[in-house]
Student: 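Quick one: the structure is below, questions incoming.
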Amino acid sequence: MKDKHPTIIICYIPGGCTGLWQPLDVAIQRPMKLCMKRSAHKDVVEEATALLRLDTDDDVNPALLKLDTSILTLRNRCIGWIIDSFHACNNKELIMKSFELCAVGEFNCSQESLKSPAALAALRDLPKTDPALYAELTQTSEPEAAPTEEDLFDSDEEDNDFNDESDIPVDVVISHVMARVPNLPAGFALAEDGSIVRNGVAEDAELDIVVNDLPLSVRRTRRAAKPNRAYGNDWEEH
C-alpha cells in the first residue's frame, strides 16, 4: 500500500470505538436483527400451525412436531426476512440519527456537525491547539508499528450485542435507539444487559400498545401471505 498508493493513509480504529464511529452498530443493526428474528419467528409459527392442521390425531403432541430446517427452505425464507428488515430500517430519520449519535464532545458524524463553522474552525486551528494530532493526521506514511489484535478489537464490544426478544415490536426498538434519553413506552423495560423486555403490564391482554406492524415483504413462492387466524390478529403483540 505504501509503495503503490502513497497518497492513501491507513487509519486504524482503536478497540472500544464502535459506539463512537460506527453508525450501523449504533442505531441500525439492532432493529435490523430484531426484524429478521420476528420474521423468522412468524414463519415458524405459520409452519407449526399448518402441521397441526394436517394432523388428524387429536392427541398429537406439539413438542414432537418436526419443522423443515433444510438449506433450501431456509434459503428461500431468508429472502423475506431480509426484505422485512430493509423496509423496517429504510427510514431517513433513523439513518440520519445514527450518524448524529456517533459523537465525541461537541461534534458528531452528521453532515451538519462536520460542515459546521465550529468544526471548520477547529480543523483550521488544529496545528496550534494539538500539533501532535495534526502531525499524525497529515503524515504520508504508515505507522512504524502495526497495531496488535488487542488494539483493534475490544472484548467489551461483543457484550453490547443486545438480544431483544422476538415479541418486542420493531418500532419500540427504533424509538429507543433514536432517543437521546432512553424512554420506553408502558409495558416495556430494560434488562440488565440493556435488551428490551416486556414487564408485567405488557402481559395484560387488554393493554393497547400503538405500534406499526411488520412491513409488508415479498413472500416466497408457492405460499400466499395470509393473516394467522389461529393466533388472532394481535398474536405478535401479546
Side-chain angles (χ1 to χ4, degrees), residues 12-45 48 67 69 74 77-78 80-82 84-91 93-105 108-110 148-205 207-215 231 234-238:
Y12 296 98
I13 300 178
C17 292
T18 298
L20 298 177
W21 306 116
Q22 300 288 345
L24 289 177
D25 290 275
V26 172
I28 304 296
Q29 290 188 11
R30 185 174 179 179
M32 180 191 70
K33 292 178 181 178
L34 174 61
C35 189
M36 294 186 69
K37 181 187 293 187
R38 284 172 58 88
S39 298
H41 187 188
K42 187 174 183 178
D43 281 337
V44 169
V45 172
L67 301 178
T69 58
L74 296 179
R77 288 181 178 178
C78 72
W81 306 343
I82 295 172
D84 282 341
S85 300
F86 169 79
H87 286 300
C89 296
N90 187 25
N91 182 319
E93 183 180 357
L94 172 63
I95 295 172
M96 295 180 66
K97 193 68 174 182
S98 66
F99 284 88
E100 184 180 337
L101 292 174
C102 295
V104 174
N108 57 62
C109 289
S110 67
T148 63
E149 183 176 352
E150 290 75 14
D151 296 329
L152 295 177
F153 300 99
D154 189 345
S155 58
D156 293 338
E157 292 182 356
E158 296 297 329
D159 298 334
N160 294 329
D161 189 11
F162 303 105
N163 186 28
D164 302 304
E165 295 297 332
S166 58
D167 65 335
I168 305 299
V170 179
D171 287 358
V172 172
V173 174
I174 291 179
S175 298
H176 175 68
V177 299
M178 291 177 61
R180 291 187 178 275
V181 179
N183 184 23
L184 292 172
F188 300 92
L190 286 180
E192 293 183 358
D193 62 353
S195 301
I196 299 177
V197 297
R198 290 181 182 268
N199 58 22
V201 180
E203 301 300 329
D204 187 356
L207 179 65
D208 184 18
I209 302 174
V210 181
V211 292
N212 293 328
D213 199 359
L214 283 173
Y231 287 81
D234 299 326
W235 73 269
E236 289 185 317
E237 302 299 333
H238 300 286

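In this chain, numbering begins with 1 at the start of the sequence shown.
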Student: Atom CG of Leu94 and atom CD1 of Ile28: how far apart are they, to the nearest 0.5 Å?
Tutor: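 Here the rounded value is 4.0 Å.
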Student: What distance do Leu34 atom CG and Ser166 atom OG have between them, rounded to the nearest 0.5 Å?
Tutor: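 Output value for this atom pair is 8.0 Å.
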Student: Minimum heavy-atom separation for Phe99 to Asn108, with atom names?
Tutor: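 Reported closest heavy-atom pair: O-CB, 4.1 Å.
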Student: Show the nearest heavy-atom pair for residues Val197 and Ala191, with the distance to one decimal.
Tutor: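 Nearest heavy atoms, Val197 then Ala191: CG1-CB, 4.0 Å.
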Student: How long is the span from the CD atom in Glu100 to the OG atom in Ser98, to the nearest 0.5 Å?
Tutor: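 These two atoms lie 9.5 Å from each other.
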Student: Check Arg198 against Pro169 and note the closest heavy-atom contact, atom names and distance.
Tutor: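 So the two residues come closest at NH2-CD, 3.7 Å.
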Student: What are the two closest non-hydrogen atoms of Asp43 and Trp81, and how far apart are they?
Tutor: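 Nearest pair, atom of Asp43 first, then Trp81: OD2-NE1, 2.7 Å.
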Student: Working to the nearest 0.5 Å, report the span between CD1 of Ile174 and SG of Cys89.
Tutor: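 So the gap between those two atoms works out to 5.5 Å.
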Student: Say you draw a straight line from NZ of Lys33 to OG of Ser85; how long is it, rounded to the nearest 0.5 Å?
Tutor: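 Nearest 0.5 Å value for the NZ-OG distance: 11.5 Å.
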Student: Compare every heavy atom of Thr69 with every heavy atom of Leu74, then report the nearest pair and how far apart it is.
Tutor: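 Smallest heavy-atom distance, with atoms named: CD1-O, 3.5 Å.
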Student: Do any N or O atoms from the side chain of Lys97 and from the backbone of Val177 form a donor-acceptor pair under 3.5 angstrom?
Tutor: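 It does not hold such a pair.
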Student: Which value, rounded to the nearest 0.5 Å, describes the distance between Asn91 atom CG and Met178 atom CE?
Tutor: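 It comes to 6.0 Å.
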Student: Show your reasoning for whether side chain to side chain contact (heavy atoms under 4.5 Å, CB included) applies to Lys42 and Asp84.
Tutor: CA-CA 12 Å; Lys42 187 174 183 178; Asp84 282 341; over 6 Å; no
Student: Measure from the side-chain N and O atoms of Arg77 to the backbone N and O of Ser39, and report whether any donor-acceptor pair falls under 3.5 Å.
Tutor: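 Checking the backbone N and O of Ser39 against the side chain of Arg77, no donor-acceptor pair under 3.5 Å is found.
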Student: Take Arg38 and Asp164 through the side chain to side chain contact (heavy atoms under 4.5 Å, CB included) test and state the conclusion after the steps.
Tutor: CA-CA 10 Å; Arg38 284 172 58 88; Asp164 302 304; over 6 Å; no
Student: Counting only heavy atoms not in Met36, do more than 12 fall under 6.0 Å of its CE?
Tutor: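 Buried by this count: over 12 neighbours within 6.0 Å.
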